[in-house]
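All values below were derived from every heavy atom in this structure, side-chain atoms included, with hydrogens, water molecules and symmetry-related copies excluded.
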Amino acid sequence: MNLSKKIVVTAAVGFFTSFSFAQSVQDGINFVDSQKYAKAKQNYTDLINQNPKEASNYFYLGNTYLTQFDPNFDLAQESFNKGLAADPKSNLNKLGLASVKLGKGDKSAVAEIQQIVKDSREKDAEVLFRAGEALTLFEKNSSPDLAIGFLNKAVERAGKAGVPANYYYALGDAYRIKKDPGNAMTAYDKAEAVAKNKASVYTRKGTLWIAAQQWQQAKTNIDKAIAVDPTYAPAYKALAGFNIKYQKNAEATQNLINYTKYADEDPYTQLEIAKLYFTNEDYANAKTTLDSVFDKVNDPIKHKLRAYILYGEGKYAEAQQSISTFLSQADKSRVQASDEGLQGLIAAGLAKDEKDAAKKAQLEATVQQKIAIAKNAKDETLKWDEELAKIKGGLVGITADAGGTSPEIDALKAKVAANAQDTDALYKLAQAYQDIKNWNGAILTWQKMIALLPTWEPAYYSQGYAYQQAGSQELASAAYQKYIDTLMAKPAADQEANKETMSYAYFAIAFIAKDSDKEKAKANIAKSLALNPTYADALALQKALGQ
């Protein structure tokens, strides 16, 4: 699931004459960087109470509401307005209000930010920095080239006093949005040279490598971050993202437990943790975490997250009610393509059991329309086609537990729990599930095997068989095709050694398609017989298809 819009969290360092005051502001900056938003808000609130006439304090409080995982535009705007009441000339708070407009999708805010910088005569490094940061906070409404220009000027202005690491972080973020990973890494290298907490740098480098799908470099940097500061919460969040990519659910859950331990209990942070649990298909922890803060958050985003969790549990009517509540309460600027896609999936779930033909047709039209919006936007929050196939096959919210167990299964599950990468135990566990016809257990276990050994084609074939036995024909066909594609990418000798099994896979695809797509069935039966001309079942199907 891809529900968080920021690539990394950025913060800034200001220049102040009072050492003790600077330290207090720095504490807040460090809290934001560590994703301890509740502590950052308290820190800045205390500063405001100590000196209510200092306009910049209101900016830092408001900006914390913008940089948290789900921005609270109302509270941010309220704080910036108070800052301007304290000092009508405060460029920082003017930038804050422009940032709120930009976050809501008003592109005229870009010109406002440029004018504020111009009015400042580009003399204040902090104003330049915050202008650049504002243009990178909201990726869909960003202006990376303009941000890079402001941030480079901020670096120049700050040079004599020493460039804060945060300036380089934001510069790296701007290059990331521009899809220029080389310059992004260069900026992070410069940050590493001056950063007091190297964990912050290594985590950003790790997430940059994840984005580039360079998994070994990503893991190396994240491990370095945890090694230098085992309490740095964002490193565990990044590691959870890494393990979710690899579908290492148990490891990701432990990462999220650590993230929860070292971040703070800010409700918006807990919402983010609930999202990550959902992405990890850990619906129980997602629900528990969301429920713990649901009444503490006024933001309608909570209803969207509950809709995802209810969808994951296969509770489509309740999910529809939750997403409808979100859409009725949220500002239109906060509705994303993924929200349209989710509505499509929920409609598919409702259509599956709808008896009224007219209502069913209407729901199915909604499915096509809404899913198309998500796919056209290239949204990857969910695998839309795969989720649709799961719904049709009745596999949303499935667990292995409902299908029965055995002493052998219990023993093998314990081995896998102790070592999630034990492929021998996973193989035996999948076979044990199949032996007692617990097809859901087999499907889920083969999926874990595939995550560990994505080029080991027998796992795809076995998963296809389990899907077929479970009655999920479309998913079965896709798994058999994946088996064929994976095998065809291997040397000719491997293909020759497995041509009989490949013939069976082509036959299975043809058999599944025989009633819905005869041309596809004919094409695949021909390929099956080309590999195994005496295959009786294939010959019989070929005759039935009129070939």
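Aromatic pair Y37/F69: ring centres closer than 6.0 Å.
The shortest heavy-atom contact between L345 and I391 is O-CD1, 3.3 Å. In terms of heavy-atom proximity, P234 sits nearest to T203 at O-CG2, 3.8 Å. The nearest pair of heavy atoms linking I244 to A252 is CG1-CB, 3.8 Å. Between Q495 and M488, the closest heavy-atom pair is NE2-O, 3.3 Å. Nearest heavy-atom pair, Y283 versus I309, reported as atom, atom and distance to 0.1 Å: O-CG2, 4.4 Å.
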message: Show, in sequence, the C-alpha distance, side-chain angles and deciding distance for K375 and D385, and conclude whether the salt bridge (Lys or Arg N to Asp or Glu O under 4.0 Å) test is met.
response: CA-CA 9 Å; K375 291 172 68 174; D385 290 333; 3.0 Å; yes
task: Step by step, work out the salt bridge (Lys or Arg N to Asp or Glu O under 4.0 Å) result for R204 and D33.
output: CA-CA 11 Å; R204 284 169 167 82; D33 182 68; 3.2 Å; yes
- request: Kindly determine whether D299 and R334 satisfy salt bridge (Lys or Arg N to Asp or Glu O under 4.0 Å), including the steps that lead there.
  value: CA-CA 11 Å; D299 196 310; R334 300 186 67 186; 2.9 Å; yes
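Residue Q362 qualifies as open at atom CD: its count of foreign heavy atoms under 6.0 Å is 12 or below. Heavy-atom neighbours of K428 NZ from other residues, nucleotides or ligands within 6.0 Å: at or below the threshold of 12. Remark: F31 CZ is packed, more than 12 non-hydrogen atoms of other residues, nucleotides or ligands lying under 6.0 Å away.
Side-chain atoms of Y460 and Y465, non-hydrogen and from C-beta on, never get closer than 4.5 Å to each other.
For the 3.5 Å distance criterion, the side chains of K41 and Q68 qualify, holding a donor opposite an acceptor. Side chain to side chain, T325 and R306 fail the donor-acceptor criterion of an N or O pair below 3.5 Å. Residues Y504 and E500 have side chains that bring a donor and an acceptor to within less than 3.5 angstrom of each other.
For N438 (side chain) and G404 (main-chain N/O), a donor-acceptor pair under 3.5 Å exists by modelled atom type.
Taken from NZ in K237 to CG in N258, the straight-line distance is 15.0 Å, to the nearest 0.5 Å.
Figure legend: K205 and Y202 shown without cation-pi pairing, the cationic atom not lying both under 6.0 angstrom from the six-membered ring centre and within 45 degrees of its axis.
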